[in-house]
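Order of appearance sets the numbers: ligands from 1, and atoms from 1 within every ligand.
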Amino acid sequence: MQNILVTGGAGFIGSEFARRMIANHPSYKVVVFDKLTYAGNLDNLLPISENPNYAFVQGDITDHAAVERTLEEHAIDAIVNFAAESHVDRSILNPDAFIQTDVVGVYVLLESARKLGINRFHHVSTDEVYGSIPEGTFREGDSLEPNSPYAASKAGGEMMLRAYHVTYGMHTTVTRGSNTFGPYQYPEKIAPFFITEALDDRPLPLYGDGMQVRDWLYVGDHCDAIDTVLHKGAPGEIYNVGGEHELHNIEVTHFILQALGKPETLIRHVADRPGHDRRYALTNDKIRRELGWSQQHTFEEAMAATVEWYRQNEWWWRKIKTGEYLDFYKAQYAERLAQAE
Ligand code: NAD
Ligand code: DAU
């Protein structure tokens, strides 16, 4: 591999991956291809913007012509796909863009790769494709029972990879990551949303009883796992990437409030998310045993550093919390918060 296309590389995890690829693989050229939706942000790529091994192309993964032109112009030999509509609540409000990007877009990337003879394709998926598990942990061979339009669209994308591996012999790999946190995460996901709201002493809308369980994974560890699978993963294989650190949402909220020295009175229990998955949990046995990957950060140190990053980097998030962000905030939370008070 020499020239890698990182689709969705202006988002949270994709930009971390692009920055790491530039730092860790100086012989590679990294081309970020991103539509710059509300979640795409060139500020995330500022640390590498002057690097000669980095290039940025604005484009939509559902656009055959734009994808093929980029693959050819940059002589791409591997694709790592992060591009997605990624927020569950938005998929409940309006599923359409999820089907377009997370299903059709994955197909367009695969078909363009096939046409141009690009045989290496890694796809970044999610533990949400399994659905909820009351106890125990999901393994890669377990059935997929996605419950939100987001999860269902991600499962659809994965199925396209399966078809391109089985039918055309493409060297595909998939990672199913758990709830990821760290710097540069758009402040709609619970961690950056609650951190930035608490910094402004605003109410934190916790869905339902707050006893849902998520498995927390630091973004640097998530990207190391993707790098490992990109280089060592076997064709057609799927690898879980869990944080192996399960917490109730109320516990994550308490951690954030404590780190910021803010009171628990900011918490508001609001109407639940429809179809809310109660618990996600994965085993990392396969990636650990077969590829030797393990995570390097503890939740406590990584989340404390993340809280500190948002405290220190208001320049990054304050300008996001305007315009479209406020429209979404109103649609998602105004009524919920009014009813909670
Ligand atoms: P994000 O929302 O921060 O970023 C998504 C990026 O994709 C943005 O830069 C956006 O502009 C781009 N994009 C969206 N539609 C596009 C299109 N049609 N064409 C080109 N670019 C487009 O998402 P994230 O949290 O960084 O997630 C990245 C990937 O990882 C997603 O595929 C997501 O499903 C998966 N994932 C996320 C998590 C998590 O906790 N955040 C966990 C597991 C897996
Ligand atoms: O599990 C991996 C998935 O994690 C990724 O595939 C998704 O892209 C990512 O968004 C994330 O999905 P979740 O729905 O778990 O993340 P979110 O941050 O939206 O919510 C985490 C938990 O917190 C969930 O149980 C819902 C709850 N929550 C969330 C928000 C935004 C609240 O209670 N209040 C909120 O305001």
Side-chain angles (χ1 to χ4, degrees), residues 6-17 32-42 44-45 57-63 66-67 80-92 97-98 100-102 104-106 108-109 123-130 132 146 148 150-151 153-154 157 175-182 184-194 197 203-217 219 222-223 226 241-243 247-250 252-253 267-273 276-282 329 332-333 336-337:
V6 179
T7 49
F12 163 48
I13 309 174
S15 66
E16 171 82 20
F17 184 78
V32 169
F33 182 92
D34 198 294
K35 185 178 177 180
L36 297 181
T37 67
Y38 78 91
N41 186 347
L42 289 177
N44 302 358
L45 294 161
V57 178
Q58 184 168 5
D60 187 329
I61 62 165
T62 67
D63 179 346
V67 169
V80 184
N81 180 38
F82 293 85
E85 288 293 332
S86 69
H87 193 43
V88 172
D89 289 325
R90 288 182 190 255
S91 84
I92 295 167
F98 289 76
Q100 289 309 318
T101 293
D102 301 7
V104 178
V106 177
V108 170
L109 288 174
H123 180 65
V124 181
S125 191
T126 168
D127 62 0
E128 299 204 10
V129 296
Y130 292 115
S132 193
S148 70
Y150 162 70
S153 69
K154 291 297 291 185
T175 41
R176 291 182 181 149
S178 66
N179 276 68
T180 306
F181 67 95
Y184 299 102
Q185 185 171 29
Y186 191 89
E188 64 189 352
K189 310 293 196 295
I190 191 170
F193 177 45
F194 280 12
E197 292 292 275
L204 309 185
L206 194 61
Y207 297 150
D209 61 4
M211 292 301 284
Q212 305 83 3
V213 173
R214 295 293 182 267
D215 174 18
W216 289 93
L217 172 66
V219 66
H222 193 163
C223 288
I226 294 168
V241 184
L247 288 172
H248 295 107
N249 291 339
I250 185 87
V252 175
T253 309
I267 299 172
R268 302 282 187 285
H269 286 273
V270 299
D272 210 346
R273 172 186 280 178
H276 200 169
D277 285 331
R278 195 71 180 163
R279 175 171 176 264
Y280 298 141
L282 296 174
Y329 180 90
Q332 183 62 23
Y333 296 110
R336 278 189 165 87
L337 283 167

message = Closer than 3.5 angstrom, by distance alone: can the side chain of Thr101 be matched with the main-chain N or O of Ala84 as a donor-acceptor pair?
response = no
request  = Just need the protein heavy atom nearest to atom 32 (C) of ligand 2, so name the residue and atom and give the distance.
outcome  = Tyr207 CD1, 3.3 Å
query = Among all protein non-hydrogen atoms, which one is nearest to atom 38 (C) of ligand 1, and what is the separation to 0.1 Å?
reply = Ile13 CD1, 3.6 Å
inquiry  = Please evaluate residues Glu128 and Tyr280 with respect to the criterion side-chain hydrogen bond (donor to acceptor under 3.5 Å, both in side chains), reporting the C-alpha separation (whole Å), side-chain torsions for both, the decisive distance (0.1 Å), and the verdict.
reply    = CA-CA 7 Å; Glu128 299 204 10; Tyr280 298 141; 3.2 Å; yes
request  = Starting from atom 3 (O) of ligand 1, locate the nearest protein heavy atom and write down its residue, its atom name and how far away it is, to 0.1 Å.
outcome  = Phe12 N, 3.0 Å
ask   = Taking side chain as C-beta onward, heavy atoms only, is Gln212 less than 4.5 Å from Asp277?
value = no
Cation-pi, Tyr38 ring and Arg90 (6.0 angstrom, 45 degrees) = yes
ask   = Who gets closest to atom 40 (O) of ligand 1 by heavy atom: Thr180, Asp63, Thr126?
value = Thr180
ask   = Do the side chain of Ser15 and the main chain of Phe12 share a donor and acceptor less than 3.5 angstrom apart?
value = yes
task = Nearest 0.5 Å please: distance from the CG atom of Asn81 over to the CD1 atom of Ile61.
result = 5.0 Å
Subset of ligand 1 atoms that lie under 4.0 Å from at least one heavy atom of Ser125 = 43 (C), 44 (C)
ask   = So, is Phe82 polar-close to ligand 1, with some N/O to N/O distance under 3.5 Å?
value = yes
Per-atom contacts of ligand 1 with Ser86, taking only distances under 4.0 Å to non-hydrogen atoms = 1 (P), 2 (O), 23 (O)
message = Checking the N or O distance criterion of under 3.5 Å, is ligand 1 in contact with Thr101?
response = yes
message = Just to be sure I'm reading this right: ignoring hydrogens, which of His276, Arg273, Glu188 gets closest to atom 19 (O) of ligand 2? Compare them by their nearest heavy atoms.
response = Arg273
message = Geometry only, no angles: is Gly11 polar-contacting ligand 1 at N/O separations under 3.5 Å?
response = yes
task = Ignoring angles and geometry beyond distance, decide whether Gln212 reaches within less than 3.5 Å of ligand 2 through its nitrogen or oxygen atoms.
result = no
inquiry  = Tell me the protein heavy atom at minimum distance from atom 21 (N) of ligand 1, and give that distance in Å.
reply    = Lys35 N, 3.1 Å
task = Please work out which of His222, Glu85, Glu128 has its closest non-hydrogen atom nearest to atom 13 (P) of ligand 2.
result = Glu128
inquiry  = Polar contacts were defined as any N/O atom of the residue lying under 3.5 Å from an N/O atom of the ligand; does this apply to Ser178 and ligand 2?
reply    = no
inquiry  = Can you name the atoms of ligand 1, numbered from 1 with element, that are less than 4.0 Å from a heavy atom of Tyr150?
reply    = 33 (C), 34 (O)
key: ligand 2-proximal atoms of Asn249, by part, heavy-atom distance under 4.0 Å   = side chain
inquiry  = Below 4.0 Å from ligand 1: does a non-hydrogen atom of Asp60 turn up there or not?
reply    = yes
ask   = Looking only at distance, does Thr37 have an N or O less than 3.5 Å from an N or O of ligand 1?
value = yes
message = With respect to Asp34, determine whether any N or O atom, backbone or side chain, lies less than 3.5 Å from an N or O atom of ligand 1.
response = yes
task = Please determine if Arg278 and Asp272 form a salt bridge, counting it only when a charged side-chain N lies under 4.0 Å from a carboxylate O.
result = no
remark   = Within the 4.0 Å heavy-atom cut-off, what Lys189 brings close to ligand 2 is both
request  = Report yes or no: do Thr180 and Lys189 form a side-chain donor-acceptor pair below 3.5 Å?
outcome  = no
ask   = With backbone taken as N, CA, C and O and side chain as the heavy atoms from C-beta onward, which portion of Asp127 lies under 4.0 Å from ligand 2: side chain, backbone, both, or neither?
value = side chain
request  = Would you check the N or O atoms of Pro205, main chain and side chain alike, for any that come under 3.5 Å of an N or O of ligand 2?
outcome  = yes
task = Just jot down the ligand 1 atoms closer than 4.0 angstrom to any heavy atom of Leu36, in number order.
result = 11 (O)
query = Any non-hydrogen atom of Val124 lying under 4.0 Å from ligand 1?
reply = yes
message = Need the ligand 1 atom indices (1-based, order shown) with element for anything under 4.0 Å from a heavy-atom of Lys154.
response = 31 (C), 32 (O), 33 (C), 34 (O)
request  = Under 4.0 Å from a heavy atom of Ala84: give me the atoms of ligand 1 that qualify, with their elements.
outcome  = 5 (C), 7 (O), 14 (C), 31 (C), 32 (O)
ask   = Which of the atoms in ligand 2, numbered in the order shown and given with their element, are less than 4.0 Å from a heavy-atom of Val88?
value = 14 (O)
inquiry  = If we ignore hydrogens and angles and just use 3.5 Å, is the side chain of Thr175 paired with the main-chain N or O of Gly177 as donor and acceptor?
reply    = no
query = Are side-chain heavy atoms of Asn41 and Tyr184 found at a separation under 4.5 Å?
reply = no
query = Under 3.5 Å, N or O to N or O, is Trp216 touching ligand 2 that way?
reply = no
ask   = Which atoms of ligand 1 sit under 4.0 Å from any heavy atom of Gly8?
value = 6 (C), 7 (O), 9 (O), 12 (C)
request  = Tell me, please: is Gly59 in heavy-atom contact with ligand 1, that is, under 4.0 Å?
outcome  = yes
key: ligand 1-proximal atoms of Ser178, by part, heavy-atom distance under 4.0 Å   = backbone
message = Could you measure the distance from the CG atom of Asp89 to the NE2 atom of His276? Nearest 0.5 Å is fine.
response = 8.0 Å
task = Answer yes when Lys35 and Asp60 have at least one side-chain N-carboxylate O distance shorter than 4.0 Å, and no when they do not.
result = yes
remark   = of all protein heavy atoms, closest to atom 19 (N) of ligand 1 is Ile61 N, 2.9 Å
